[in-house]
Structure formats: structure tokens, C-alpha cells
Trainee: 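The structure is given below, and queries will be raised subsequently.
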Amino acid sequence: MTMRLSRYFLPLLRDTPKEAEIVSHRLMLRAGMIRQQSAGIYSWLPLGLRVLNKISNVIREEQDRSGAIEILMPTIQSADLWRESGRYEAYGKEMLRIKDRHDRDMLYGPTNEEMVTEIVRSYVKSYKDLPLNLYHIQWKFRDEVRPRFGVMRGREFLMKDAYSFDLDKDAARHAYNRMFTAYLRTFARLGLKAIPMKADTGPIGGDLSHEFIVLASTGESEVFCHSDYLNFETPAADTDFDSVAGLQGVFDKWTSLYAATEEMHDKAAFEAVPEDKRVSARGIEVGHIFYFGTKYSEPMGAAVAGPDGQPVLLHGGSYGIGPSRLVAALIEAGHDEGGIVWPDEIAPFDVSVINLKAGDAATDGAAEQIYKHLLAKGYDALLDDTDERPGGKFATADLIGVPWQIIVGPKGLAEGKVEIKRRAGGERELVSLEAALDRFKGRVA
RNA sequence: CGGAGCGUAGCGCAGCCCGGUAGCGCAACGGUUUUGGGAACCGUGGGUCGCAGGUUCGAAUCCUGUCGCUCCGACCA
């Protein structure tokens, strides 16, 4: 996908709207990624939508790799389902309740355990159909008392939620480990160092609930962990997700050292970590996984026939990642004075070709040649063909954070050269036009 | 839900205390000169002052109500 900036819709803001407090919110507004429509509710503009979709695709690929199967459930749900689980009364004001024209109680789903359990109980009848993990990527609504920080804590948010169904707790643990491993891979691909931290399991108990936390100075909560986690190796792409022992190994390794959020913090255990390895920082929760056993299958009657023909209640778990929140988390983790610095894999564009003198035959020709080349090689390229001044173009490119800039100006071109700039480090290199083309041989997916 | 604020042009703000019919910077539009890190000059357009009621000869300004939004706290993917 390529785009000419002169014909694109990129409403940049030079000044920061006053309501934006944290850097990701400020930059998302300035870069024309989102538009607030109501407290905690946003429209996604072209640049923001591109990033959101790229994140969702990485999540989707890793969910699929782990064996989860994508579906799509509706945003609006019937209250009856929630009455079955007892959560219609229990949920409180965070749930947005609405009535349809027939005066039936409906709601805008804050999550989908009841609905997916309804689907599974009506079709899955045998232990042979297990294990099963269904996920979807859908908009959710939680009527937070106080939405804030832009899309970091919105009321409407995009969420990938997966739901696993197994015959017993041991099988459910393997399902949990599959998601645990998939999450490690997902966050690594997004360029994030996410550390699984033990989370409150509520009434279920056990050790099967983890929050995945990204360290960031603007994080919402205090976290404590062992610094070796930051250098742990990510599970490989060819990880065998059917290997019970293999995935248990991944889980054991990634839970071997101390890591806890403020709520779960154990001072004594943290003191046992060597002093030079103690990390005390702020963190952003980007994922949350947990096992809940028969919490929904029991009241909703979701059972299959076991090997002996007797009914067995399904053991479930659910696993969430918020793509819309991740957009903000990625900016919190990657920005500088000039603007956003996207990781390569989820940047809205791979390369920005900057024609410093639009209208000049030489720069127009060279910029066009490079742009067409990138298109042919499968890159997402943005061509800045506007008649803005060079300074403005540089500022725009830096603000929106495209990883590579190819700068085509009359001075360099007079010697047959263009400049390649890396957004992240700011390194610039003057190379021949041919060398520049040769540098971008094809996008590695 | 407690506490504190703010709604005046696309964005940032002044004007409000002390009522007299709206202004500044940026952005936009037209023009001239510019052109390698957010140019200069000249000109132009754009606002039922959140909304409703009240006081007054007259309300952005004073009073009442209402809606929206933000920040701090408690709560949450």
C-alpha cells in the first residue's frame, strides 16, 4: 500500500490540545491518528487505523500459530445470557445497559465469556472435540467512571479475547501455557519487552493468572521484577504448541524469577533478589490471562461427554490483549522530542520518501522512481509530494515516526545522491540513487 | 463517586472582576519573494462567546439551571 501525502488524510496538529496529559495521547492527537468523539470514545483516523490494524494482525498471526481459532461475536449482547451466569446483577455500572425497541434488556459487551460459552455448549458435545480455543478481535465497552490518557484508558476499546475449553485442569493448564507462550511472542514482535507478572486469581486461586507488563516511565502502576527478564529469549516461531513439556518449560522459565505488580508485591521476596538485579519501575498492563475453571460452564451447563460417556464440565480460561491500548503503549515506549518512533513491524508506513522540492523535474522524477520501486517490492510507502518547505516535511516525517526516510533534494541529486535516514537513531547516510533502491529489496514480513 | 477546574474561530489563548455587541498567535485561503530542519511580507475568510432561562435600555461579561470536557483521588483490559 502506498500513499501520496498530497492526497492523503493526515490532519496534523502543530499545537497540543490541552486535554492531553501523557505523551502517547499528545502524539496521537498531533499525528492525526485519533479524534475524540466523547469521553473515552475515539474515531480512528487513517494513520491510527493503519497502526491498529498492524497490531491486530501480529496478534492474529500468533493466536493462529498457537492453535486458537478466530471467530467474531457481536458487540451487543442479550441480558439473558448474563442472567444465566449471574453477572448481569454482579457487574455494576461499568456495564452499559440498553433496551431495544421491544423493551428487551440488552448490553454493549464488556467481555464475552457468557457468549462464547453459549456457542460452545450448543455445538461441542464430546471430549474428542477438545481442546478448543476460540478468539475474536472486537470492540468492547466498559463505562469507566473516569476514562483518561486517550486510548490507554478509554471506555470503548478494541480487544483480542481468547477463550479456551478443556476437559480438566491439567489440559486447561496446557491451554494456558499455549497462550502464555503466544503472548511472549506477540509482544516481542511488537518490539516490546513485556514481563509476565503474577496477578490476583480471585476466588479461583492457584498460580494461573498473569498480567503482561511493559515497563514505561508513564506507566499506571508500580511494578517490581528481576532485571534478567529483560534479556530472556523469546520462544521461537517453530515452537511446538502441542508439546506439553515444552510449553511448561517456557512457563517455568518465564516465571522463575521475581516479578509482581504493586498489588501482589512481596517485599521479602523482592529483597531476596540481588540488589543490582532489582528493577523497581512503572508499568503498563498490555495483556492479562487467567484460568477460571468451571465458573461459567457450571451455571451455564457447558459439558461434554467424557471417555466413559459421563458428562464433564468444561474448564475454561480467558486471555486478553488490548490492541487499542497497545498503540498508546508502543508510543509511551517509543518516542523522542521529534515525535513517535515506531517499531518496524507495526509502523503505519515502512518508508517515507520525502521530495524536498515538489515541482522540480529532477526531484519529482527521482522521488517517483523510488516510490514506485518500494511499491513493487511490497513496502508500505508514503510519498511526501506536498509543496511544504523542507523543514516542515522533516518535522512531519519525524512526528509520524516512519522508520525510514529517503530524502530526495536538489543538492544531493545534483551528485546523483539521496539521503537515507533512520528515524530511531537519527543516523543519516548519503548514498547513490541506485544504492538506495538496492537497500530496499523487499519487505520481510 | 468525592475534590478541583474549564467551555470564546480548526488549535492554543486574552477579554469576564468593573455590562456597551469580540480580539491575539498559529493554522486555512489568495498573492509576492523564498526553498536541506516547522520562512518573510501583503491581503482575505471564518465565531448564534456550550445550551436554556433570568436581570438590564443593552449580557461573552451579572444571576439560575443544564449539558459537555479535563485534572487529582478511589476503581479498571
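As the structure is a prediction and not an experimental result, all values here were calculated from the model. The chains referred to below are lettered A, B, ... by the order of the sequence lines, with proteins before strands, and numbering in each begins at 1.
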Trainee: Nearest 0.5 Å please: distance from the CG atom of Asp105(A) over to the CG atom of Asp80(A).
Mentor: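 Rounded to the nearest 0.5 Å, the CG-CG separation comes out at 8.0 Å.
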
Trainee: Specify the residue among Asp387(A) and Glu285(A) whose closest nucleotide of RNA chain B lies further upstream toward the 5′ end.
Mentor: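 Nearest nucleotide further toward 5': that of Asp387(A).
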
Trainee: Would you say Arg146(A) reaches C71(B)'s phosphate, i.e. side-chain N/O to OP1/OP2 under 4.0 Å?
Mentor: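 Answer is yes, contact under 4.0 Å.
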
Trainee: With a 3.5 angstrom cut-off on both distances, give the Watson-Crick or G-U wobble partner of C17(B), or none if there isn't one.
Mentor: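 Across all strands, not a single nucleotide pairs with C17(B).
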
Trainee: Out of C69(B), G36(B), G37(B), which has the shortest distance to the side chain of Lys421(A)?
Mentor: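 Minimum distance to the Lys421(A) side chain belongs to G37(B).
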
Trainee: List, one per line, each side-chain donor-acceptor pair under 3.5 Å for residues 13-21 of chain A, sequence neighbours excluded.
Mentor:
none

Trainee: Using a heavy-atom cut-off of under 4.0 Å over every strand shown, decide if Glu388(A) touches base, sugar-phosphate, or nothing.
Mentor: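 Result for Glu388(A) = base.
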
Trainee: Using Watson-Crick or G-U wobble geometry with both distances below 3.5 Å, tell me the partner of G30(B), or none.
Mentor: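 Base partner found: C42(B).
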
Trainee: Checking all strands, does Gly412(A) fall into the base, sugar-phosphate, or nothing category for heavy-atom contacts under 4.0 angstrom?
Mentor: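 Base contact - Gly412(A) has a heavy atom under 4.0 Å of at least one base atom.
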
Trainee: Let's test your reading of the model: under 3.5 Å, does the base of U34(B) pair with the side chain of Arg389(A) as donor and acceptor?
Mentor: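 When only heavy-atom distances are counted, Arg389(A) does reach the base of U34(B) through a donor-acceptor pair under 3.5 Å.
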
Trainee: Among Val351(A), Ile354(A), Leu433(A), which residue satisfies the side chain to side chain contact (heavy atoms under 4.5 Å, CB included) criterion with Ile406(A)?
Mentor: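 Option passing the side chain to side chain contact (heavy atoms under 4.5 Å, CB included) with Ile406(A): Val351(A).
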
Trainee: Taking the six-membered ring where the residue is Trp, are the ring centres of Phe270(A) and His265(A) under 6.0 Å apart?
Mentor: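 Yes, ring centres under 6.0 Å apart.
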
Trainee: Assign each of Leu158(A) and Lys417(A) to its nearest nucleotide of RNA chain B by heavy atoms, then name whichever residue's nucleotide is nearer the 5' end.
Mentor: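 Counting from the 5' end, the first nearest nucleotide belongs to Lys417(A).
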
Trainee: Both distances below 3.5 Å, Watson-Crick or wobble geometry, any strand: find the nucleotide opposite A74(B).
Mentor: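 In the structure as shown, A74(B) has no Watson-Crick or wobble partner.
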
Trainee: Base of C76(B), side chain of Arg153(A) - is there a donor-acceptor contact under 3.5 Å?
Mentor: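 Such a pair exists between side chain and base.
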
Trainee: Within 45 degrees of the ring normal and closer than 6.0 Å to the centroid, is that where the cationic atom of Arg423(A) sits relative to Trp404(A)?
Mentor: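 Relative to the ring axis of Trp404(A), which defines the angle, Arg423(A) lies outside at least one limit.
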
Trainee: Write down the distance separating the C1' atoms in A77(B) and C71(B), rounded off to the nearest Å.
Mentor: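 Nearest-Å result for A77(B) against C71(B) at atom C1': 23 Å.
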
Trainee: Considering only A77(B), G37(B), C71(B), which nucleotide approaches the side chain of Arg142(A) most closely?
Mentor: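 Given the options A77(B), G37(B), C71(B), the side chain of Arg142(A) is closest to A77(B).
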
Trainee: For U55(B), give the paired nucleotide (Watson-Crick: N1-N3 plus N6-O4 or O6-N4; G-U: N1-O2 and O6-N3; both under 3.5 Å), or none.
Mentor: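 Its partner: none found.
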
Trainee: Give a yes or no on whether the ring-centroid distance for Trp82(A) and Tyr91(A) is below 6.0 angstrom.
Mentor: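 For Trp82(A) and Tyr91(A), the ring centres are under 6.0 Å apart.
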
Trainee: Look at all strands and tell whether Asp161(A) reaches a base, only sugar-phosphate, or nothing, counting heavy atoms closer than 4.0 Å.
Mentor: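 Asp161(A): no heavy atom of the nucleic acid under 4.0 Å.
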
Trainee: Do any side-chain nitrogens or oxygens of Ser38(A) fall under 4.0 Å of OP1 or OP2 in C69(B)?
Mentor: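 Answer is yes, contact under 4.0 Å.
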
Trainee: How far does the C1' atom of C24(B) sit from the matching atom of G46(B), given to the nearest Å?
Mentor: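 One C1' to the other, the span is 15 Å.
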
Trainee: Applying the Watson-Crick and G-U wobble criteria at under 3.5 Å, what pairs with G37(B)? Answer none if nothing qualifies.
Mentor: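 Partner of G37(B): none.
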
Trainee: Counting only side-chain nitrogens and oxygens, does Arg325(A) get under 4.0 Å of the OP1 or OP2 atom of C76(B)?
Mentor: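 No, no such contact exists.
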
Trainee: Classify the side chain of Arg30(A) versus the base of G38(B) as yes if they form a donor-acceptor pair under 3.5 Å and no if they do not.
Mentor: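 For Arg30(A), whose side chain was compared with the base of G38(B), there is a donor-acceptor pair (under 3.5 Å).
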
Trainee: Scan Arg428(A) against the nucleic acid and name what it touches under 4.0 Å (heavy atoms): base, sugar-phosphate only, or nothing.
Mentor: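 Arg428(A): base contact, heavy atoms under 4.0 Å.
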
Trainee: In whole angstrom, give the distance that lies between atom CD of Gln37(A) and atom C1' of U70(B).
Mentor: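 Interatomic distance, CD of Gln37(A) to C1' of U70(B): 17 Å.
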
Trainee: Could you tell me which nucleotide pairs with G5(B) by Watson-Crick or G-U wobble geometry, both distances under 3.5 Å, or answer none if nothing does?
Mentor: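 G5(B) is paired with C69(B).
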
Trainee: Should Ile98(A) and Ile76(A) be marked as a side chain to side chain contact (heavy atoms under 4.5 Å, CB included) after you check the CA-CA gap, both sets of side-chain angles, and the distance that decides it?
Mentor: CA-CA 9 Å; Ile98(A) 46 190; Ile76(A) 305 292; 3.8 Å; yes

Trainee: To the side chain of Val145(A), which of G36(B), A77(B), A74(B) is closest?
Mentor: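 Side chain of Val145(A) sits closest to A74(B).
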
Trainee: Would you jot down, in residue-number order, the residues of residues 10-24 of chain A having a non-hydrogen atom under 4.0 Å from RNA chain B?
Mentor: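 Of all residues in residues 10-24 of chain A, the ones placing a heavy atom under 4.0 Å from RNA chain B are Arg14(A), Asp15(A), Thr16(A), Pro17(A), Lys18(A), Glu19(A), Glu21(A).
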
Trainee: Whole angstroms only, please: what is the CD1-C1' distance between Ile59(A) and A77(B)?
Mentor: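 Computing the Ile59(A):CD1 to A77(B):C1' distance gives 12 Å.
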
Trainee: Find the partner of C49(B): check Watson-Crick (N1-N3 plus N6-O4 or O6-N4) and G-U wobble (N1-O2, O6-N3) distances, both under 3.5 Å, and reply none if neither fits.
Mentor: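 Base partner found: none.
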
Trainee: Check whether any side-chain nitrogen or oxygen of Lys93(A) sits under 4.0 Å from OP1 or OP2 of C1(B), and answer yes or no.
Mentor: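 Yes, because at least one side-chain N or O of Lys93(A) sits under 4.0 Å from OP1 or OP2 of C1(B).
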
Trainee: Pro390(A) has a side chain; which of C75(B), U70(B), G36(B) sits nearest to it?
Mentor: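 The listed nucleotide nearest to Pro390(A)'s side chain is G36(B).
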
Trainee: Determine the interatomic distance between C1' on C49(B) and the same-named atom on C42(B); round to the nearest Å.
Mentor: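 It comes out at 30 Å once rounded to the nearest Å.
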
Trainee: Output yes if the stacking criterion (under 5.5 Å between centres, under 30° between planes) is met for Phe394(A) over the base of G38(B), else no.
Mentor: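 Given the distance and angle limits, no, they do not stack.
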
Trainee: So which nucleotide does C24(B) pair with, by the Watson-Crick or G-U wobble rule with both distances under 3.5 Å?
Mentor: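 G12(B) is the nucleotide pairing with C24(B).
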
Trainee: Reckon Gln36(A) has a side-chain N or O less than 4.0 Å from the OP1 or OP2 of U70(B)?
Mentor: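 Indeed, a polar side-chain atom of Gln36(A) lies that close.
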
Trainee: From the list C75(B), G36(B), U70(B), which nucleotide is the closest neighbour of the side chain of Ala39(A)?
Mentor: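 Of C75(B), G36(B), U70(B), U70(B) is nearest to the side chain of Ala39(A).
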
Trainee: Mind checking the C1' distance from G43(B) to G50(B)? Whole angstroms is fine.
Mentor: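 33 Å, rounded to whole Å.
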
Trainee: Do Tyr319(A) and Tyr183(A) have their ring centres less than 6.0 Å from each other?
Mentor: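 Not close enough - the centres of the two rings lie 6.0 Å or further apart.
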
Trainee: Could you check whether Gly392(A) gets within reach of a base, just the sugar-phosphate, or nothing at all, counting any heavy atom under 4.0 Å?
Mentor: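 The residue Gly392(A) makes base contact.
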
Trainee: Where the side chain of Leu399(A) is concerned, which of G38(B), A77(B), G73(B) is the nearest nucleotide?
Mentor: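 Side chain of Leu399(A) sits closest to G38(B).
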
Trainee: Testing Glu220(A), Glu262(A), Glu222(A) for salt bridge (Lys or Arg N to Asp or Glu O under 4.0 Å) with Arg282(A), which one passes?
Mentor: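 With Arg282(A) as partner, Glu220(A), Glu262(A), Glu222(A) yield a single salt bridge (Lys or Arg N to Asp or Glu O under 4.0 Å), made by Glu222(A).
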
Trainee: Considering all heavy atoms of both residues, which atom of His210(A) and which atom of Tyr176(A) are nearest to each other, and what is their separation?
Mentor: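 Closest heavy-atom pair between His210(A) and Tyr176(A): ND1-OH, 2.7 Å.
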
Trainee: Could you work out the separation of C63(B) and A59(B) based on their C1' atoms and round it to a whole Å?
Mentor: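 Each nucleotide's C1' atom is 11 Å from the other's.
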
Trainee: Rounding to the closest angstrom, what is the interatomic distance between G23(B) and A60(B) at atom C1'?
Mentor: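 Between the two C1' atoms, the distance is 12 Å.
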
Trainee: When the P atoms of C29(B) and G45(B) are considered, how many whole Å apart are they?
Mentor: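 My reading of the P atoms in C29(B) and G45(B) gives 16 Å.
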
Trainee: Could you check, using the six-membered ring where one of them is a Trp, whether Tyr296(A) and Tyr163(A) have ring centers closer than 6.0 angstrom?
Mentor: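 Judged by ring-centre distance (under 6.0 Å), Tyr296(A) and Tyr163(A) do not meet the cut-off.
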
Trainee: Using a 4.0 Å heavy-atom cut-off across all strands, classify Gly320(A) as base, sugar-phosphate, or nothing.
Mentor: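 The answer is nothing, as Gly320(A) stays clear of every strand by at least 4.0 Å.
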
Trainee: Determine the contact category for Gly150(A): base if any of its heavy atoms lies under 4.0 Å from a base atom, sugar-phosphate if only primed atoms, P, OP1 or OP2 are that close, otherwise nothing.
Mentor: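 Touches nothing.
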
Trainee: Pick the P atom in A9(B) and in G73(B), then give their distance to the nearest Å.
Mentor: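 Taking atom P in both A9(B) and G73(B), they lie 30 Å apart.
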
Trainee: Just checking Lys357(A): base, sugar-phosphate only, or nothing, at a heavy-atom cut-off of under 4.0 Å?
Mentor: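 Nothing, no nucleic acid heavy atom in range.
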
